[in-house]
Amino acid sequence: MATAVFWLLFLTFVGAFAAQVARRVQLIAAAPNTFSLENAPFRVRRFLVDVVCQVRTIRERPFAGGMHALVFWGFIAFAGYTTVEFLYGLGIVDLTRTEWFKAYRIALAPFAIAVLVGIVCLLIRRAVVRPIALGTDVSVESIVIGLCISTLMITFLLTFWLSEDTTGARVNWWLHALVILAFLALIPASKHFHLVLSPITVFLKSPELGNLPNLDFEKEQVGLETVKDLGSKIVLDAFTCVECGRCQVNCPAWGAGKTLNPKTIVLQTQEALLAGAREKRLGEVYTEEVLWQCTTCGACENQCPVGIEHLPILIGSRRGLVSNGAAPGYLGSMYNNLERRSNIWGLGYDQRAKFVQSAGLETFDAARHDVLVWLGCAGAFDADFQKSLRALFDILRARGVGFGVLAKERCNGDPAKRTGNEYMFQELANGNIEELKAAGPKRILTSCPHCVKTIGSDYRKFGYEVEVVHSSVFVEELTRGAARSAALSGPRGDGGPERPALHQQTLTFHDPCYLGRYGGTVDEPRALIARFGGDIKEPVRNRDNPYCCGAGGGLLFADKEEEPGSRISDVRFKQLRDTGANTVVTACPFCSIMLKGAQASAQADTQFVDLMTFVRDRL
Ligand code: SF4
Ligand code: SF4
């Protein structure tokens with residue numbers, strides 16, 4: 001009788017679970033396939049680190065992440081126990097009286113205590129502490145799930161006190177089994193579905209941050225226009241979100257009071273999918289205003305513990321808008337500049353030629369030169385950044401490095417790509433690749449982190465592979481012999497006049513998103529600064545999780561007066577000033593432009609120095 005009742009309950013709850021899962025699987029299967037298993041070894045490594053060891057979960061929020069990890073590991077440990085108890089309850093086989101199961105049950109006791117401690121802490125955090133990332137309302141669903149997990153652990157621990165075959169033991173067994181069944185039926189429609197999906201989502205997440213496959217114009221691909229265009233990985237992501245808000249609190253746009261919130265983007269995707277709104281335009285799902293507020297800094301997807309990728313949604317939707325002529329006006333002028341003059345400023349190429357001549361630059365010759373220096377739009381036309389490049393050239397010449405530049409160079413296409421103008425990006429990229437292939441460099445050196453990412457990573461999608469290195473990495477390697485003590489003071493080894501002492505300077509360093517987060521280059525700039533007498537005061541957001549300067553994703557060109565909220569650059573500038581250092585070292589031309597603008601607005605006396613000038617002046 002009891003077995004029959006258990007079968008009935010089992011089929012009812014498992015049926016409810018399966019029906020909800022089937023609905024979501026159907027939506028994933030109906031989406032254009034964007035799943036990829038490329039670079040499997042990397043994916044396996046990341047799975048072990050982020051799923052098995054829960055590193056990403058713990059890293060940003062050590063306490064809450066640690067408690068979550070206890071619950072996760074407990075769930076894994078309990079999988080065998082639940083299976084055996086259910087096999088018994090369904091009358092299939094009774095393994096509960098075997099010696100190995102008894103030993104396993106004893107081994108589970110510490111896990112049960114750990115899960116109980118973890119879930120109680122998480123419940124207190126949700127119901128009492130209520131950090132802003134979790135939303136302003138207390139989630140009833142989370143409280144119910146938390147109570148279910150607590151009940152499971154308590155009923156398990158009670159099995160050590162209750163004598164077998166007593167009424168108490170039987171009631172306890174049924175309570176434990178019923179809570180598991182109820183939990184099963186509840187999770188697909190809740191954020192706890194991540195328990196099932198997140199291992200898959202993490203494994204399927206692209207190894208490349210901000211991965212944007214090229215559009216194939218021959219197949220008439222134009223980007224994401226409506227809900228039915230969202231690819232299978234985006235749909236999977238939408239059902240995996242655990243609503244932890246890490247993307248939200250790390251987003252510079254949200255931090256500056258704008259309407260963009262990456263967590264909301266994912267939840268709006270989920271809502272539209274479940275509502276069956278396949279024909280709804282994405283500009284209406286998210287609002288166009290929000291889509292243009294993203295700087296493409298990558299903080300959201302880099303922080304997400306469950307493998308969700310936000311940039312394919314944001315930039316994919318921008319592509320759809322651009323292909324329908326719905327880009328904002330300020331981008332129209334920038335696109336004109338790119339189309340007519342192949343650079344973002346719309347300046348004549350004679351100005352680049354003048355700089356090349358005045359800086360004494362040779363045209364790159366693979367037989368004579370060690371590296372090709374890529375100037376970029378900023379290097380070719382921005383007088384301020386040209387000072388930084390001259391400092392780099394001085395260092396290269398002083399160290400005997402042979403270098404040259406291309407006779408002709410277009411914008412690498414980054415502003416077109418990140419704003420969704422894929423056609424223009426491909427035109428620029430193909431033109432540059434042709435020139436680069438003809439020149440044949442083995443190594444490209446640039447001071448612009450956006451050029452590192454675009455040429456080094458995005459151009460690979462056209463089959464062009466070359467090593468692209470940022471000047472901070474190259475110069476750090478080049479000056480490794482310049483021991484700090486020798487640079488600071490003391491007599492010259494050749495008996496010449498004594499070196500002037502380099503005074504120790506307190507300063508702060510702003511990591512560019514495309515260098516620190518995208519490129520993982522965080523140690524080299526710091527090593528250089530320390531080597532040449534700098535004492536770094538770190539700002540609140542640094543290294544591989546910097547706070548964006550606000551220039552990326554085409555926002556360098558946005559009308560600052562019309563931006564909602566504060567300016568991202570003002571927020572970052574304040575963070576840098578709050579370090580107490582009066583000098584900011586920069587390593588990207590666009591960060592420099594944005595932060596100097598913020599300094600002017602704040603009428604602050606903060607000094608700026610770019611990294612190459614800092615090194616050259618002390619070398
Ligand atoms: S990429 Fe940066 S700006 Fe864009 S949504 Fe993510 S965190 Fe916000
Ligand atoms: S997208 Fe990721 S980081 Fe953002 S709320 Fe969802 S799970 Fe958390």
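As a basis for the values below, the full set of heavy atoms in this structure was taken, side chains included, without hydrogen atoms, waters or symmetry mates. Starting from 1, each residue takes its place in the sequence as its number. Whatever order the structure lists them in is the order used to number ligands and atoms, beginning at 1.
A donor-acceptor contact shorter than 3.5 Å links the side chain of Asn542 to the backbone of Pro539. Formation of a donor-acceptor pair under 3.5 Å by the Arg318 side chain with backbone atoms of Arg418 is found in this model.
Crowding of Phe111 atom CZ: a count of heavy atoms from other residues, nucleotides or ligands under 6.0 Å not exceeding 12. Around the CD1 atom of Ile76, the shell of radius 6.0 Å holds more than 12 heavy atoms that belong to other residues, nucleotides or ligands. Applying the 6.0 Å contact sphere to NZ of Lys574 captures no more than 12 heavy atoms from other residues, nucleotides or ligands. Remark: Phe608 CZ is packed, more than 12 non-hydrogen atoms of other residues, nucleotides or ligands lying under 6.0 Å away. For Glu271, the CD atom sits in a loose shell: 12 or fewer heavy atoms of surrounding residues, nucleotides or ligands are nearer than 6.0 Å.
With respect to atom 5 (S) of ligand 2, the closest heavy atom belonging to the protein is Gly245 N, 3.2 Å. Here the heavy atom of the protein found nearest to atom 2 (Fe) of ligand 1 is Cys297 SG, 2.3 Å. For atom 8 (Fe) of ligand 1, the closest non-hydrogen atom of the protein is Cys251 SG, 2.4 Å.
Using a 30° and 60° split on the angle between ring planes, Phe183 and Phe75 fall in the tilted class, from 30° to 60°.
Taking every heavy atom of Thr295 and a limit of under 4.0 angstrom, the matching atoms of ligand 1 come to 3 (S), 4 (Fe). In the vicinity of His310, heavy-atom distances shorter than 4.0 Å reach the ligand 2 atoms 1 (S).
When non-hydrogen atoms are compared, ligand 1 lies under 4.0 Å from the side chain of Leu260 (C-beta onward) but not from its backbone.
One option in Ala253, Gly550, Gly298 has a heavy atom closer to atom 1 (S) of ligand 1 than any other, and that option is Gly298.
Heavy atoms of Leu314 come nearer than 4.0 angstrom to ligand 1 in at least one pair. Contact between Gln248 and ligand 2 is absent, with no heavy atom of the residue lying under 4.0 Å from the ligand.
Shown here are the protein N/O/S atoms lying under 2.8 Å from atom 2 (Fe) of ligand 2, water excluded: Cys304 SG.
For Tyr286 and Thr269, the side-chain atoms include at least one donor-acceptor pair closer than 3.5 Å. Using a 3.5 Å distance cut-off with no hydrogens or angles, the side chains of Ser36 and Lys233 do not pair a donor with an acceptor. With hydrogens and angles left out, the side-chain atoms of Asn250 and Glu60 include a donor and acceptor closer than 3.5 Å.
Among the atoms of Cys294, an N, O or S atom falls under 2.8 Å of atom 4 (Fe) of ligand 1.
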